[in-house]
Amino acid sequence: MATLSDRLDFVLGRKAAEPLEEHLGLRTCGDLVRYFPRKYSDAMSVRDEGEELDLEEGEHVTFVDVITEATLRYTNRQPKREFLVVTLGQRRPKVTATFFNAKYLKHSLVKGAKVMLSGEVGYFRGVMQLTHPAFLILRDDGTMKGTKSLSTIADAAGAAGTDVLAAFEKEYFPIYPATAKVQTWDIYACMRQMLAVLDPVPDPLPEWVVREHDLMSEDAALRAVHISEDTRERERAIERLTYDEAIGLQWGLVVRRHSELSGTGPAAAPRDDGLAAAMTAQLPFELTAGQRDVLDVISAELAGAHPMNRMLQGEVGSGKTVVALLAMLQMIDAGYQCALLAPTEVLAAQHAQSIRAMLGPLAMAGQLGGTDQATAVTLLTGSMSAQQKRDARREVAGGTSGIVIGTHALLQDAVEFENLGMVVVDEQHRFGVEQRDRLRAKAPEGITPHLLVMTATPIPRTVALTVYGDLETSTLRELPRGRQPITTTAIFVREKPTWLSRAWQRVVEEVGAGRQAYVVASRIDENDKPAKGGGRDAGQGGPPPVTVVQMFERLSNGPLAGLRLGLMHGRLAAEDKDAVMAAFRAGDIDVLVCTTVIEVGVDVPNATVMVVMDADRFGISQLHQLRGRIGRGQHPSLCLLATNLPETSKAGQRLRAVAGTLDGFALADLDLLERSEGDVLGLHQSGRAITLRFLSLALHREIIETAKELCEKVFDQDPQDPGMAVLSAPFVDADRVQYLDMS
Ligand code: ADP
Ligand code: MG
């Protein structure tokens, strides 16, 4: 009678359909059927009794519970007005609701009545209170009484000949994400009415997939998830919808992967008489076994006719840059240019400097002392003068520079390459797929350059599969020999204030021994919002986080007086940043007081201590990243995570986890558990957040892996499979998904 593409006003009538469209954006039966319950209330309450009610003021919430207390009160001001305060269930902390038209309600909202209340959370003297929420009284005899919105629905239902009231005569309710204008019971009533007339929904998955994985049919799942009273059946429905989501996400990635594989790559066979060989011969160290293995794989891919799509993961200091450099030289030996995209100017400049230093005469094309086969390294960043940029662009367009290093400035149209063959993206999570594609598009007609994405953020397997599903992954697990371990300690400043003084002493001692230190603060100054990478409880109960400016003052005039301090943060002018970084690198600054601008890739092997202030403000992975700035030389290093929160707090436990292991992958998994999918998956091109309703990257690794295999199989059979297109529609932009690092 009705199909998914039918408009809701035809099925429900205008009166009922209009609010759904206006407030929830639901236009068709398909939209509505995929508007899923947030949870189910079969135990009388939406929120379980024991559940922490950490609801924020203004949040919309629904409770189903029994009124345990109903009291009439009077307002203080004249004329005195009667109002009704009801208490719900036995909850601790207490939940109350206040109604002002008590005269009419005091006879229905009585002690013992079972009600559904829906409204905005407010707090009055610390007690949660819904002020004049929408309500529905659920009577044993099946009759009910409630706010006006319900009668609208009942009217519409009556017109369609459905007994809407019967829908509520049971112990269980799905709870929908609702608004003040469209209550969860309105949605539920419309849902039942629509499902009653909806034709069987065709299954988007091939029949063999459903059978092989023993899945519920799409039609059954879409109905059960809304109206089944059987818990087991709802679980099966949710399992099926979780698969749908995983498959939808993977399909786009599989399609993208195949389209890239079919392109033409710039084949660059390795040579033993070129720059790569010369560089290998002049390396001041031996490559680790891990580096050699990765390089072998990359080298073979560069020589092939398909474009490489590879991500190189490795902890900070694991030696990714050398690997990338040798790969780029193989391309240059075959006559191609390479672009290295860095997320910040500091990093771009640092890469240019260290790559030039490593190459030595090999990078001095046309200069005195350069070798015959030498190439040139060109830096191009936004803050360079117009003249400098023009010169750089000329070198790039003319083909003189083999390695072009830059920030976003490289993406501009004005930048043209003579023969781009490889794109290296450092610290990928700061760049979208779109941006790396823009750079890749600067290659000669018909050629798709090889792509190497380097990231120091250990990426959990499920994230790699979904967010980077179009890339193959290589991992450097060992650090180059001779590295000293980092000891990490959490300092609970309130409980052990002397530890912080001891920390500053340690900094003084290290500097006395010729080492250097970082002191990290979570924000620049009072105008700067505190970082909130640490999760919901970050900083809760503590004083506002110290600013980097305050810290610089305090330390220079206090515990670190006499040391050479430098101040570094994102709002300094580019040349000031460069100057401070250069001074720190040269050892002219002992202690760098900074924000997380130093997080990514900064390499000063002589730095051996890091003190992170208000460490609770940072996420697990972020702290691990920060810590990677030390422990890069031959000296043992010390990382101190200071917080004003108690050891027993969630944040305290997080800091202890970071202190307890140096395994970035273990920490990344922990981090993923703490974060919502919305934080992990980025935005659609439209700016809308990509939402997953059932799939969890932290919990559903097996489903995600199965979905990937499945999609490959289906793609082999039919790359245009219409059902798969349906499932991937919500993620059509999924190849733009980014792994958001919360910094
Ligand atoms: P990443 O980019 O992974 O953070 P880098 O490539 O910058 O790491 O390497 C960090 C430091 O280790 C650099 O100073 C680099 O020269 C050095 N390094 C790299 N590979 C080795 C190796 N095999 N043996 C010794 N030192 C190495
Ligand atoms: Mg690096």
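In this chain, residues are counted from 1 in sequence order.
Not a single salt bridge (Lys or Arg N to Asp or Glu O under 4.0 Å) links D669 to another residue, sequence neighbours left out. Every salt bridge (Lys or Arg N to Asp or Glu O under 4.0 Å) that E712 has, sequence neighbours left out, goes to R257. Taking the salt bridge (Lys or Arg N to Asp or Glu O under 4.0 Å) definition, one finds that R477 meets it with nothing, sequence neighbours left out. Legend: residues meeting side-chain contact (heavy atoms from CB on, under 4.5 Å) with R571, ordered by chain and number and at least two apart, are I524, D525, D528, H569. Under the side-chain hydrogen bond (donor to acceptor under 3.5 Å, both in side chains) criterion, T462 pairs with no residue, sequence neighbours left out. Partners of S637 by side-chain contact (heavy atoms from CB on, under 4.5 Å), not counting sequence neighbours, listed by chain and number: I486, T608, I630. Judged as a side-chain hydrogen bond (donor to acceptor under 3.5 Å, both in side chains), and not counting sequence neighbours, the contacts of D273 are R271. Q516 meets the side-chain hydrogen bond (donor to acceptor under 3.5 Å, both in side chains) test with N606; sequence neighbours excluded.
Atoms CD1 and CE, on I589 and M568 in that order, are 9.5 Å from each other to the nearest 0.5 Å. Put simply, OG1 on T596 and CZ on F618 are 6.0 Å apart, with the number rounded to the nearest 0.5 Å. Taking CG of D590 as the reference point, atom CG of L592 lies at 11.0 Å (rounded to 0.5 Å). Atom-to-atom distance recorded for Q353:CD and D578:CG is 10.0 Å, nearest 0.5 angstrom. Atom CG of L347 is separated from atom CG of L341 by 11.0 Å, given to the nearest 0.5 angstrom. The CD atom of E445 sits 11.0 Å away from the OG1 atom of T264 when rounded to the nearest 0.5 Å.
Two residues are said to be in side-chain contact when any heavy atoms from C-beta on lie closer than 4.5 Å; V255 and P719 fail this criterion. Between V520 and C594, the closest side-chain pair of non-hydrogen atoms falls below 4.5 Å. Between L471 and L451 there is a side-chain heavy-atom pair separated by less than 4.5 Å. Side chains of L626 and Y518 form no contact here, defined as non-hydrogen atoms less than 4.5 Å apart. Using a 4.5 Å heavy-atom threshold, the side chains of I332 and M422 count as separate. Looking at Q350 and R585, their side chains come closer than 4.5 Å, going by heavy atoms from C-beta outward. When side chains are defined from C-beta on, L329 does not count as touching L362, because their heavy atoms never get closer than 4.5 Å. In this structure, E575 and S383 have side chains that are not in contact, with every pair of non-hydrogen atoms separated by 4.5 Å or more.
For the pair Q282 (side chain) and L359 (backbone), a donor-acceptor distance under 3.5 Å is present. Between the R627 side chain and the V658 main chain, a donor and an acceptor come within less than 3.5 Å of each other. When atom types are taken as modelled, the side chain of N419 and the backbone of G335 share a donor-acceptor pair closer than 3.5 angstrom. A donor-acceptor pair is defined here as one N or O able to donate and one able to accept, closer than 3.5 Å; such a pair exists between the side chain of Q250 and the backbone of L465. Panel note: side chain K442, backbone V415; a donor-acceptor pair is recorded below 3.5 Å. No side-chain donor-acceptor contact under 3.5 Å links K389 to the backbone of L380.
When M279, K320, H351 are each tested for a side chain to side chain contact (heavy atoms under 4.5 Å, CB included) with L325, only one passes: M279. The one candidate from L452, V424, V425 that meets the side chain to side chain contact (heavy atoms under 4.5 Å, CB included) condition with L340 is V424.
Heavy-atom minimum distance, A339 versus F417: CB-CZ, 3.8 Å. Across all their heavy atoms, A443 and P449 have their closest contact at CB-CG, 3.4 Å. Shortest non-hydrogen contact noted between L567 and L572 is O-CD1, 3.5 Å. In terms of heavy atoms, L411 sits closest to R438 at O-NH2, 3.6 Å. Nearest heavy atoms, L641 versus A615: CB-CB, 3.8 Å. Summarising the geometry of A363 relative to A374, their closest heavy-atom pair is N-CB, 4.4 Å, with the distance given to 0.1 Å.
Listed by first and then second residue, the side chain to side chain donor-acceptor pair (under 3.5 Å) pairs that reach into residues 332-343 come to none, sequence neighbours excluded. Judged as a salt bridge (Lys or Arg N to Asp or Glu O under 4.0 Å), the pairs with a partner in residues 391-401 (not counting sequence neighbours) are, in order, D391-R394. Sorted by first then second residue, the side chain to side chain donor-acceptor pair (under 3.5 Å) pairs that include residues 289-304, not counting sequence neighbours, are T288-Q291, S299-Q330, E301-R310. Among residue pairs with one or both ends in residues 341-356, none qualify as salt bridge (Lys or Arg N to Asp or Glu O under 4.0 Å); sequence neighbours excluded.
Ring planes of W251 and F715: tilted class, angle from 30 to 60°.
Counting non-hydrogen atoms of other residues, nucleotides and ligands closer than 6.0 Å to CZ of R564 gives a total above 12.
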Inset, instruction - Take M613 and V548 through the side chain to side chain contact (heavy atoms under 4.5 Å, CB included) test and state the conclusion after the steps. - result: CA-CA 9 Å; M613 305 305 296; V548 71; over 6 Å; no
Inset, instruction - Show your reasoning for whether side chain to side chain contact (heavy atoms under 4.5 Å, CB included) applies to H624 and D671. - result: CA-CA 11 Å; H624 183 63; D671 202 39; over 6 Å; no
